[in-house]
Amino acid sequence: MTYVRVRYPSTEPLLACSCLILRAPLCDGGITMEKSFDPKAIESRWYPQWEASGHFGPTGAGEPYCILLPPPNVTGTLHMGHAFQQTVMDLLIRYQRMSGRDTLWQGGTDHAGIATQKIVENQLAAQGKTKHDLGRAAFVERVWEWKQESGSTISNQMRRLGASIDWSRERFTMDEGLSAAVRKVFIEWYRAGLIYRGKRLVHWDPVLGTAVSDLEVENVDKDGSLWSIRYPSVGGGDGVVVATTRPETLLGDVAVAVHPEDERYAHLIGTLLELPLTGRQIPVIADDYVDKDFGTGAVKITPAHDFNDFAMGQRHGLEPRSIFTLGAIVNENAPAAYQGLDRFEARKRVLADLEAAGLLIETKPHKLSIPISQRTDAVIEPMLTDQWFVDLTRDELPDGRPGGKRAITDPALAAVTEGHVRFVPENWKATYVQWLTNIQDWCISRQLWWGHRIPAWFDEAGNIFVGESDADARAHAQGEIVGALRQDEDVLDTWFSSALWPFSTMGWPEGSEQNSQAEWARDQRFLPSAVLVTGFDIIFFWVARMVMATTYFAGRQADGSFDRKFAKLADRVPFRDVYINAIVRDAEGQKMSKSKGNTLDPLDLIDGITLEELVHKSTSSLLIPQVREKVEKRIRKEYPAGIQAVGADALRFTFAALATHGRTINFDLKRCEGYKNFCNKLWNAARFVLQNMGVTAEPVEAPGAAALDAALERMDAHIQAIQERAALAGLNRFDAPPAAVAPSLPERWIVSALGIATAEYHAQVAAYRFDLAAQALYDFVWNEYCDWFLELAKPALANGNATERLAMQRTLLEVLEAVLRLLHPIIPFITEEIWQQVAPQLGLGGKSIGERPMPQASEFAIDPAATADIEWLKAVLSGVRRIRSEQNIAPGKPLPLLFTGGGMADIERQQRHAAAITFIARIDPERMRWLEKDDAAPAAAASMVGELKVLIPLAGLIDLKAEQQRLAKEITRLEGEIKKCEGKLSNANFVANAPPEVVLQERQRIADFSTTIAGMREQAGRLSEG
RNA sequence: GGGCGUAUAGCUCAGCGGUAGAGCACUUCGUUGACAUCGAAGGGGUCACAGGUUCGAUCCCUGUUACGCCCACCA
C-alpha cells in the first residue's frame, strides 16, 4: 500500500482548527482498520499503558468516589463471581472517573486464614509431612513463601479483565499497617469490655482442630435414625425412655429432662436414673424447653456436646461432661471400653451394647440436619473450649457498668434502619436487620497458625494481659503479673481483619508505627466509600461486620470522642450503598462448583481453550470416576470445539447485560458470543467511518506531486469551510445553525437519538441497572447508528457536495467518539483502541479515552422534528424492503417506486429524502414519481406510511395472489384492533373516567387504523381489477 | 417455624395500570460498496391459577399451586 502525507482537517472545539499530518493510504481516501476485531491483539497493549500512566489513582480533584474491592483470597484464582463483581466495580469506577470524580478503587487481598493454611498443609502432606514437623515459626514462614509465590496470580487475572484498580495502593490483610489496625481494635474493644474470653460451647471442626463461628457451619439435611433408649430408675423401676439422634453422647449425659407439666413423668422428677453403660447415676429434671409431643417426651442432656443442652445445663447448675478429645475421639471421661473410639465408631458400639443390655427400645428413621464445617465438610462437634468472643448481645458490660448496651450491634443496626447505608436491591435490608437483631456473640479465636496472633498474654497463673506487645501488656496490667508472660497461641478469625478494611486501608490508625499521620489525614476523604459491591453470601460475614467496626471506630479520637467529620453516625458508615450482586450460575441454573465440574474460568472465556484442555481442567480434581466420566461427557457435548476466545470486553459486556436485580444469573456462553459480535459490529462501524474520512471520495491514482498538491488544495478549501461554518454555528455544532451550514436531517436525528440514549444510560447507571444501561447503548449502536445512520450517511458521503460530506464526516466521528466514551466503562479495551484512531480525526488531545469526560445528555439536542422525518423515511424504506422480501425481488435489483395519497408533509419529505430513498432502497431515480390525480394506478404491491401509499408496480415482478392474501390478512388484523378500541370507547365509564389523553389516544388509533385499512382496501380492489 | 424471592415467546430474561419486548434459537431470502462475528423479512405468548380493587390488571391487593434461597431448629 502506498502512503502519502495528507493534511486532515480537525477542529476541537469547533472554533479552533488545527491541521494534523497523518499517514493515510490513498487508495480509498481514508484510514484503514483490520477487517474484524481481534481482542487478543489489542487487550495486551492497553492495560500496561493505563497502569503505567498512573491514571487509575485518585486525582485529588472533584468529589471523592471510592469503591472497596472485596479482597479475594491471596492465593486464590479468579472465578466467575469475581469477574462479574469486578466488572460491575470497574464499570462504576471508570464511569465516575470520566465524570470528574476523585476516584479510588482500593484493591488488595485477604490472608484467608483457614483456606490458605489448608493449602500449605496439603502441600506438606504431599511430602508426607505435617505442620508439626516444621513447627509454628517455620510453618508460618512457609505460608508467607506461598503467598509471595501465588499472590500475584489473581491480581494479574484482574488486570486481564481490565480492572482499573490503583495497584500502587494494594493492601494485604496481614500487612504491617493492617495488622496494627487489628491489634488496636482488639485492644480497644477488650479494654471497653466488648471482647471477652471464656469457656463456652463452640462449633468445633475436628479435622482442622479449630473453633469456627456459627456462620461457618452449614446444616445439611440427612436421613438418620431416632433411637429410643431406656434409662432405668435407680433401685429398679422402668425409669425413662429417651429419644436421641446421637446415642454416643449418652456417655456424656448429666441428666434427663422432661416437661414440668408432663403427667407421665411428674412422679420421676427429682429422682435418679441409671445412665446405661457408664455406671453413673443422673437426675430427672423438669424444663419448659422439652416438647412433650416429640419422641418420648424425655430428653437426655449432654451439655458438653449440644447447644440446647448446654443452655439447659446452665439453668440447672449441671456440670458439663466432655467426652471427646479435640479430634473427636472418646476421651477418659467415658468408660474405658469406649475410650479411643472415634465418634461414629463409638455410636455403633454404644448401640450394640444397649441392644445387648435390652435397653434399646426402638430405632426409627428420622430426618435430621447435620452441622457441617464449610471448610472441611467435617461434622461439627460442639466442644467446650476457651475462646475469645466479641460481645454483641449483652445489655451491660461484664462488670455491670451501664452504657454497654449492644455498643457494637446497635449502631450497626441503626446505620441501616436509619438509611445511612442503603441496600440495592432494597430487600436485603430485611435480611441484614433480622440477622443483627438475633445475633449471637462472635467467636473470633481460631486454633490456627496463619493469621493475626491475638495480642493477649498469660502469666503463669493464667491471668490475661492485653496489649500491643508483652511490654505494652505489662504496662497496662491491672493486677500483679505472676512470672513470665506467654502470648496466646490463637489467631483471629480472618473476618476480624476484613471488618476493618474500610479504614485500615486508609491509613488508620493514624500515627502508629506503621501509618504516618498524613496518610489518614489524606485518605479519610474516601470514608465512607460510595458503594460496596458484593454477594449476599457475605452480608453477615463481612458487610455487617464492616458496619459494626466502622460505626464504632471511624474518626474515634484518643479520648473516645469523634472528630468533626465523623461525629455523626451518618458519616461513620463504611459505605453509602451496598449493591448486592447476583450469584453466577451455569447456563442451566446450576451452582458452579468444582465438584460438579461445571465451573467456567473467566480467563478461558477471554483467551479461549481447546476441548481437550477444558476436559482435563474440569475433571482433574474429580476423584470419583463416575462423576469424572459424566462431566467429561457433558463437556464434550456442550463445547465440542472448546471455547472460542471472546476477549475481556465481550465478557464484561455480558456481565453488565446480565446484571439485573435478580439474585441469580445464568451464564450462557451464547450470550457472550453475541456480545462479541457486538464488539465486532462497533469495530466495523468505526472502520467504515474512518474509511470515509478522506478529503475526496475518488481514489487518487498516483501519489505524484501534482495529485498531492491538488489534494492539499482541496483540503484548504474544506478547512476554510469548517471555519466559516463554525463561526456561524457558534460553539455547539448541534444548535440549529444558519441554513447554509445546517446539519442534515439524519445528522440532527442521530444526535437527538444519542441524547436520548445517553440520558437513559446515565439514569440506569445511577439506578445500578447495568443491564438496562448496557442495553441502551447496545440498541443505539446497533439499531440506530449502524442500521440506520451509517446507511443514511452513505448517500451524503458518496454524492454530497464538499460541505455536506464534511459535515457528515464530523457527525459520524462525533457521535462515534461520544458513544465510545459512553461505552468505555463497560468495554474499555476496544473503545480505547478505536478511540485512538478516531481522536486525531477530531483533533482531540489526551493519551487515553479514559481521560475524556463522560458525555452528558444535555450536549445533544433533542430534535423531534428531525426524528419524525427520519421515522417517516425509515417507514418508507422498510416498506420497500418488505415488498422486496415478500415478493422475492433481489435486493440489488433497481425498482420503480410510486407515491400516492398522503399530504403536503409527505410530498415535502419525499422531496427532501429523494436521494436517500433511491440510494438506500435501490430505486431507479428515473422511475420514482408521484401519481398524478388522474393517473391510472398500475397493479402494484403497496405499503402504507400513514396516509401515504408507497407502491412498487407489478411489471411482472409481483405475485398477485400473495399480495392480495397479505392485504386481506393485515386488514383483518387491523379491524380486530379497531374493534378493541371501539369496545373501550363504547363503555361510558371508560370515556367518563379514563384520562382524556387516553381516550384521545384510542380515538386516534381508530382513525389511523381506518386510514390504513382504507388504503389497503383500495389497493386490494385495484389488484383484483388488474 | 421465621424471612426473602421467582413464575412473561422453544431457551435465558427485561418490562409496564391503557398497542406484550430483547438476545439466542427457528423459517425464508441474500456474499449489495463497515461487518456472514453480517443484512433483510417473518413465525411464535390465556404474561402460573382463582378471586378482588379499577372505566381498564400481565402489572396493584388477597389467596392457591409450583419452584428456589437464607436463618433458626424438637432431642
Side-chain angles (χ1 to χ4, degrees), chain A residues 28 33 35-37 214-215 219 226-227 242-246 249 256-257 289-302 306-309 312 366 368-369 425 427-428 430-431 433-435 438 536-537 539-540 583 587-589 644 646 650 657-658 660-668 670-671 673-692 769 771-772 775 778-779 783 786-787 790-791 794 798 878 881-886 888-893 922 977 980-981 984 987-995 997-999 1001-1002 1005 1009:
Chain A
D28 57 4
M33 288 167 68
K35 189 169 176 184
S36 62
F37 153 65
D214 46 359
L215 288 177
N219 290 305
L226 187 65
W227 289 278
V242 300
T244 182
T245 55
R246 293 199 61 193
T249 61
V256 167
Y289 162 81
V290 179
D291 179 353
K292 285 191 284 189
D293 300 325
F294 185 89
T296 60
V299 189
K300 57 191 274 314
I301 302 302
T302 322
D306 182 280
F307 286 91
N308 289 315
D309 292 5
M312 201 185 300
H366 183 68
L368 70 167
S369 71
N427 52 283
W428 293 107
T431 306
V433 168
Q434 205 194 2
W435 182 70
N438 303 309
F536 65 76
D537 48 335
I539 290 178
F540 306 144
I583 296 295
E588 276 80 47
Q644 69 149 330
V646 301
L658 290 173
T660 64
H661 279 184
R663 39 182 70 186
T664 60
I665 60 172
N666 299 345
F667 190 88
D668 190 348
K670 288 225 166 109
R671 200 80 191 260
E673 283 160 11
Y675 292 120
K676 190 196 175 195
N677 295 352
F678 173 73
C679 290
N680 190 56
K681 189 80 179 172
L682 180 66
W683 180 268
N684 274 287
R687 178 164 166 258
F688 170 79
V689 170
L690 291 169
Q691 271 176 353
N692 284 287
R769 284 302 303 264
D771 57 327
L772 300 179
Q775 203 193 337
Y778 182 101
D779 277 349
N783 301 333
C786 291
D787 279 356
L790 294 189
E791 294 307 312
K794 283 173 185 174
S878 294
R881 282 174 179 167
R882 187 184 49 71
I883 293 169
R884 269 191 199 274
S885 178
E886 279 172 1
N888 253 326
I889 304 166
K893 184 180 171 70
R922 281 160 229 281
E977 292 293 326
K980 270 198 248 171
C981 296
K984 280 185 191 178
N987 180 347
N989 282 328
F990 172 76
V991 179
N993 294 323
E997 64 270 23
V998 173
V999 178
Q1001 180 186 293
E1002 292 300 316
R1005 290 188 71 204
F1009 291 145

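Each chain gets a letter, A, B and so on, in the order the sequences are listed, and its residues count up from 1. Excluded from the calculations below are hydrogen atoms, water molecules and symmetry mates; all remaining heavy atoms, backbone and side chain alike, are included.
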Select one nucleotide: of [options], the one nearest the side-chain heavy atoms of [X].
X        : options             : answer
A:Arg881 : B:G3, B:A14, B:A41  : B:A41
A:Phe990 : B:A75, B:C35, B:G18 : B:G18
A:Arg671 : B:G23, B:A75, B:C4  : B:G23
A:Phe536 : B:C69, B:A34, B:G42 : B:C69
A:Leu790 : B:A41, B:A14, B:A34 : B:A34
A:Asn666 : B:A41, B:G23, B:C13 : B:C13
A:Asp771 : B:A14, B:U37, B:A34 : B:A14
A:Pro891 : B:G2, B:C55, B:U32  : B:U32
A:Lys794 : B:C35, B:A41, B:A34 : B:A34
A:Tyr778 : B:G2, B:G23, B:G18  : B:G23

Now, which nucleotide makes the Watson-Crick or G-U wobble pair with [N], with each of the two distances under 3.5 Å?
N     : answer
B:A57 : none
B:A50 : B:U62
B:U32 : none
B:C69 : B:G3
B:U12 : B:A22

Applying a 4.0 Å non-hydrogen cut-off, can you work out what [X] is touching in the nucleic acid: base, sugar-phosphate, or nothing?
X        : result
A:Lys984 : sugar-phosphate
A:Arg884 : nothing
A:Arg663 : base
A:Gln644 : nothing
A:Asn888 : sugar-phosphate
A:Cys786 : base
A:Lys681 : base
A:Leu772 : sugar-phosphate
A:Ala685 : base

Can you check the distance between [N] and [M], where both ends of the measurement are the [atom1] atom (answer in whole Å)?
N     : M     : atom1 : result
B:U8  : B:C67 : P     : 15 Å
B:G10 : B:C47 : P     : 12 Å
B:U53 : B:G45 : C1'   : 26 Å
B:C60 : B:G1  : C1'   : 30 Å
B:A66 : B:A48 : C1'   : 8 Å
B:A7  : B:U64 : C1'   : 13 Å
B:G43 : B:U62 : C1'   : 39 Å
B:A22 : B:A14 : P     : 16 Å

Distance check, rounded to the nearest 0.5 Å: [X] atom [atom1] versus [Y] atom [atom2]?
X        : Y        : atom1 : atom2 : result
A:Asn989 : A:Lys984 : CG    : NZ    : 14.5 Å
A:Ile539 : A:Leu215 : CD1   : CG    : 11.5 Å
A:Ile889 : A:Ile883 : CD1   : CD1   : 7.5 Å

In whole angstroms, how far is the [atom2] atom of [N] from the [atom1] atom of [X]?
X         : N     : atom1 : atom2 : result
A:Arg1005 : B:G18 : CZ    : C1'   : 9 Å
A:Glu886  : B:U27 : CD    : C1'   : 14 Å
A:Phe294  : B:G1  : CZ    : P     : 15 Å
A:His661  : B:G15 : NE2   : C1'   : 14 Å
A:Phe540  : B:C70 : CZ    : P     : 11 Å
A:Asp787  : B:A22 : CG    : P     : 13 Å
A:Ile665  : B:U6  : CD1   : P     : 16 Å
A:Asn677  : B:G39 : CG    : C1'   : 13 Å

Worksheet item: With no angle test and no hydrogens, is the base of B:C73 tied to the side chain of A:Ser369 by a donor-acceptor pair under 3.5 Å?
Response: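 Donor-acceptor pair under 3.5 Å: yes.
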Worksheet item: What class does the angle between the rings of A:Trp435 and A:Phe540 fall in, given that below 30° is parallel, 30 to 60° is tilted and above 60° is perpendicular?
Response: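 Because their plane-to-plane angle is under 30°, the rings of A:Trp435 and A:Phe540 count as parallel.
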Item to complete: Using the six-membered ring wherever Trp is involved, compare the ring planes of A:Tyr675 and A:Tyr778 and label them parallel, tilted or perpendicular (cut-offs 30° and 60°).
Response: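 A:Tyr675 and A:Tyr778: perpendicular rings.
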Please determine if a side-chain N or O atom of [X] lies less than 4.0 Å away from the OP1 or OP2 oxygen of [N].
X        : N     : value
A:Lys676 : B:C38 : no
A:Asn438 : B:A72 : no
A:Thr431 : B:C4  : no
A:Arg769 : B:G15 : yes
A:His366 : B:A75 : yes
A:Asn993 : B:C55 : yes
A:Asn989 : B:G56 : no
A:Lys980 : B:G56 : no

Worksheet item: Closest heavy-atom contact between A:Arg1005 and A:Cys981?
Response: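 Here A:Arg1005 and A:Cys981 meet closest at NH1-SG, 3.9 Å.
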Worksheet item: Of the non-hydrogen atoms in A:Leu658 and A:Arg671, which two are nearest, and what is the gap between them?
Response: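 The answer is CD2-NH1, 3.3 Å.
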Worksheet item: A:Val290 or A:Phe678: which one's nearest nucleotide on RNA chain B is closer to the 5' end?
Response: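 Between the two, 5'-proximity favours A:Phe678.
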Practice prompt. Assign each of A:Asn219 and A:Asp779 to its nearest nucleotide of RNA chain B by heavy atoms, then name whichever residue's nucleotide is nearer the 5' end.
Written response: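 The answer here is A:Asp779.
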Worksheet entry | Matching residue for A:Lys300 among A:Thr249, A:Asp306, A:Asp309 - test: side chain to side chain donor-acceptor pair (under 3.5 Å) |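 Per the side chain to side chain donor-acceptor pair (under 3.5 Å) rule, the option paired with A:Lys300 is A:Thr249, out of A:Thr249, A:Asp306, A:Asp309.
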Item to complete: Identify whether the distance between the nearest side-chain nitrogen and carboxylate oxygen of A:Lys676 and A:Glu673 falls below 4.0 Å.
Response: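 No.
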Item to complete: Taking the six-membered ring of A:Phe688 (Phe, Tyr or Trp), confirm whether the NZ or CZ of A:Lys794 is under 6.0 Å from its centre and within 45° of its axis.
Response: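 Yes, cation above the ring, under 6.0 Å and within 45°.
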